[in-house]
There are 2 protein chains.
Amino acid sequence: MKLEMICTGEEVLSGQIVDTNAAWVANTLMELGIEMQHRVTVGDRMDDLVAAFQERSKHADVIIVNGGLGPTSDDMSALAMAKAKGEELVENVQWREHLEDWFTRNNRVMAKSNLKQAWLPASAVMVDNPVGTACGFRVKLNNAWLFFTPGVPFELKHMVTEQFIPFITEEFGVQEKSALEKLLTIGHGESSLADTLSEITLPAGIELGYRSSMPHIEIKIFARGDKAIRQLPDVTKQVKALLGCAVVAENRPTLAAEIHHRLYQSGFSLSVAESCTGGMITSQLIDFAGSSSYLHHGLVTYSNESKVKVLGVNPQILDDHGAVSIPTVEAMAQGVRGILDSDFALATSGIAGPDGGSDDKPVGTVAIALATKHGVYSQMVKLPKRSRQLVRSMSTAIAYDMLRRALLEEAVIVDYPSIPRFAK
Amino acid sequence: MKLEMICTGEEVLSGQIVDTNAAWVANTLMELGIEMQHRVTVGDRMDDLVAAFQERSKHADVIIVNGGLGPTSDDMSALAMAKAKGEELVENVQWREHLEDWFTRNNRVMAKSNLKQAWLPASAVMVDNPVGTACGFRVKLNNAWLFFTPGVPFELKHMVTEQFIPFITEEFGVQEKSALEKLLTIGHGESSLADTLSEITLPAGIELGYRSSMPHIEIKIFARGDKAIRQLPDVTKQVKALLGCAVVAENRPTLAAEIHHRLYQSGFSLSVAESCTGGMITSQLIDFAGSSSYLHHGLVTYSNESKVKVLGVNPQILDDHGAVSIPTVEAMAQGVRGILDSDFALATSGIAGPDGGSDDKPVGTVAIALATKHGVYSQMVKLPKRSRQLVRSMSTAIAYDMLRRALLEEAVIVDYPSIPRFAK
């Protein structure tokens, strides 16, 4: 089955919005083992839409079309499809009644423009949309089924999951079974990961893929077919053995999600004192509903005065060692932990750049500490030649990983690839 | 001039990465008055690349091709172009020597695979890339110039700015002069902005555009031609008059950038106490180098205990009014301001959801305060039916705007469209 996509909409074509719908669709289908082969993006111009439908339907088996189903004059996917096939628009009575019902139930008056959303090409099969006013539809043209979906991300996702995937599964036969294992790593670049893993002989049906979302690279181990699926755990084990401590989470989108999950389950409490990471450790956890159950507070003590006044860091330590130092960051972690006697506390202090570096402590020098009720762990890492943003996000990842390892009762300080440390 | 784009690369097509290059190119050219007309995204398959080059070169005048110029076997843009035109690859001696020089100067051994990057289609005109190892090139096929650019965002941006724009300007005649004014707004939806502004009669050559980056919508006022450019200030003034306090910044990408700029210039200091915004107010400022000159600290006092212990909020206030209340948020702002006697302090406390709401204070209730050396301003807003993320980012925007207005010595509390407030 040859799958393509046509994205419509001036704001996507002109870069007013980044096309996350296209990435989501391709990624979702890829995880089912169905590869996206081609994508066209066109604006709200009738001729371009008609040409794209006619041209691509000669090449593809299925084309998922996104956008242009709304009530305004810019929304012309249905009319363009009718023209491409040389047929009329016909009112779909079922959807018109559904719309009338919906507006009545919600005590709203339906704008006349909404009625347009019930007019579909004559040969179209209507596709239900229980979460919006735009129904989808599908039409066969030349070689291909064109499957029309709404542009609103939430509605698109619903329709792809509930309607599109079942449709192609039925129409093109059950896809071969597949399974996916995702490993989140830090410290390796993509080529160094590929080099390291090149010594594994992959069984037939198993493929490795990489997705970079700095400071992480995610490894996808993709298995197609029953035999490969049975071998997946063993391959995953080999990958993990080769990468060692560079693997920081399994089947989680981010390390913050891993930490949230573990803390939420554990009942332990956390406090955070941040300097160079500037609230990143705290705010990535607060992104998750439920974080209030374990997060006491996150104090971004950016100035030295704040470290002294709020965290109780001894000014002598700052004078003797500077703000970016092991003694300071340990005092920060112990200080913030002590305020509410939290189970764990993380602290960071570093030089995120682009200015502020010295010969001793160049830009990218970051001290990180984890305090527990029993002691404190710390390290000072070197993250040179990274942007301010990347210094901060890598420091956040290392801090999270120290906590993750402590929660697992593993060694807290480890050697990540390509992240050197200062000697203590 | 009809401009199109061809994006290459399996990871873009398959959604492993979101195609921000495409959005950047379209947006950058749009701001020069040049509209993107069509975009094709293809993977690393020779036949698809050749077909796309041949097909689209019949329609466009210029096609910017992105990606596939690297040293690996996946990088096949040059070879595909040569095949599409029916010619050979030829080594570009100038670029080979440049590569050899570059590796020698950087004390590195050139991998043999890098040499591939000097092989271009026979009729290609080489395009310099002073910031990477992949040169660009351009080739005429059918009706179009195909202009090949590197996939690395930094290199792409450099080449578009330094080479592509001058090329099309010269090749297709000087583009008409244009100018752009950007206004950042909060509170309005896109359709309500368009409704409000529909009463302005736009002079010929002036267009309005909208870009949604929640919690903001940016209005672009685009003027094409000398006469329209002269009228731009007047139109901008009319737009601002109609929108009133909904306009929160001019020609800044974000409200955080506006606040950073104003605080950095002013010499005033800031402290922040956040609850529901969870560090967002602080971390968006710390994204900017130089923020340490004005930011004392940002304390995310997520638990009640932390509000008492760290900020000195009277426990009786929390008992009497609850954490999400005007008295609590005022005490938080005054407390955090007092620790280091900052000039200004912002505080937030709210219910970001999805749980935690009550009849009195449903999800989306957020109290926000600004403390100065002379007093405290506060309001409690209603942000219902928004996601957790949007409640937090809108609260952050309102807090920033209170500070912005105070810095301008304007009224601190104003009525934004569609953001109702609780009576005090």
Side-chain angles (χ1 to χ4, degrees), chain A residues 11 13-20 22-28 30 35-43 45 48 55 209-212 271-272 278-280 282-283 285-287 289-292 295-303 305-306 309-310 339-340 352-356 388-389 392, chain B residues 11 13-20 22-28 30 35-43 45 48 55 209-212 271-272 278-280 282-283 285-287 289-292 295-303 305-306 309-310 339-340 352-356 388-389 392:
Chain A
E11 62 298 348
L13 181 62
S14 68
Q16 305 300 296
I17 57 174
V18 172
D19 196 352
T20 50
W24 182 86
V25 167
N27 210 17
T28 301
M30 176 69 105
E35 212 175 341
M36 184 66 68
Q37 305 264 325
H38 190 279
R39 183 165 68 231
V40 173
T41 309
V42 284
R45 277 177 297 266
D48 290 354
E55 157 71 15
Y210 304 93
R211 190 178 66 94
S212 172
S271 288
V272 184
M280 207 180 262
T282 307
S283 64
L285 294 176
I286 294 183
D287 282 345
S291 48
S292 57
L295 186 66
H296 279 154
H297 48 198
L299 311 182
V300 184
T301 50
Y302 215 42
S303 60
E305 296 73 22
S306 174
K309 277 252 193 170
V310 176
I339 298 173
L340 297 174
D355 305 314
R388 177 178 177 83
Q389 181 64 16
R392 293 172 61 205
Chain B
E11 63 296 350
L13 181 62
S14 68
Q16 305 301 296
I17 57 175
V18 172
D19 195 352
T20 50
W24 182 86
V25 167
N27 210 17
T28 300
M30 176 70 105
E35 212 176 342
M36 184 66 69
Q37 306 263 326
H38 190 279
R39 184 165 67 231
V40 173
T41 309
V42 284
R45 277 178 297 266
D48 291 354
E55 157 72 15
Y210 304 93
R211 189 177 68 93
S212 172
S271 288
V272 184
M280 206 179 262
T282 306
S283 64
L285 294 175
I286 293 183
D287 282 345
S291 48
S292 58
L295 186 66
H296 278 154
H297 48 199
L299 311 182
V300 184
T301 50
Y302 216 42
S303 60
E305 296 72 23
S306 175
K309 277 252 194 172
V310 176
I339 298 173
L340 296 174
D355 306 314
R388 177 178 176 83
Q389 181 64 16
R392 293 171 61 205

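Just so we're on the same page: letters track the sequence lines, and every chain starts at 1. These numbers were taken from a predicted model, which means no experiment stands behind them.
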Count the heavy-atom pairs under 4.5 Å between each of [options] and chain A, then report the option with the highest count.
options                               : result
B:Gly278, B:Gly279, B:Ser291          : B:Gly278
B:Ala23, B:Gly298, B:Gly209, B:Gly353 : B:Gly298
B:Met30, B:Glu55, B:Met280            : B:Glu55

Could you look at [X] and say if it's the side chain, the backbone, both or neither that has a heavy atom under 4.5 Å from chain A?
X        : result
B:Leu340 : side chain
B:Glu11  : neither
B:Gln37  : both
B:Asp287 : both

Under 4.5 Å from any heavy atom of chain B, what part of A:Thr28 do you find: side chain, backbone, both or neither?
neither
Region of A:Leu13 in contact with chain B, defined by heavy-atom distances below 4.5 Å:
both
Worked check of side-chain contact (heavy atoms from CB on, under 4.5 Å) between B:Val300 and B:Thr282:
CA-CA 9 Å; B:Val300 184; B:Thr282 306; 5.5 Å; no
Salt bridge (Lys or Arg N to Asp or Glu O under 4.0 Å) filter on A:Glu35, not counting sequence neighbours, yields B:Arg45
With sequence neighbours excluded, tell me which residues meet side chain to side chain donor-acceptor pair (under 3.5 Å) with B:Asp355.
none
Using a 4.5 Å cut-off on heavy atoms from C-beta on, say whether the side chain of B:His297 contacts that of B:Ile339.
yes
Start with the C-alpha gap between A:Ile286 and B:Arg392, add the side-chain angles, then the distance that decides, and say whether side-chain contact (heavy atoms from CB on, under 4.5 Å) holds.
CA-CA 10 Å; A:Ile286 294 183; B:Arg392 293 171 61 205; 3.8 Å; yes
Rounded to the nearest 0.5 Å, what separates atom CZ in A:Arg39 from atom CG in A:Asp19?
6.5 Å
Checking the side chain of B:Ser303 only, and the main-chain atoms of A:His296 only, is there a donor and an acceptor separated by less than 3.5 Å?
yes
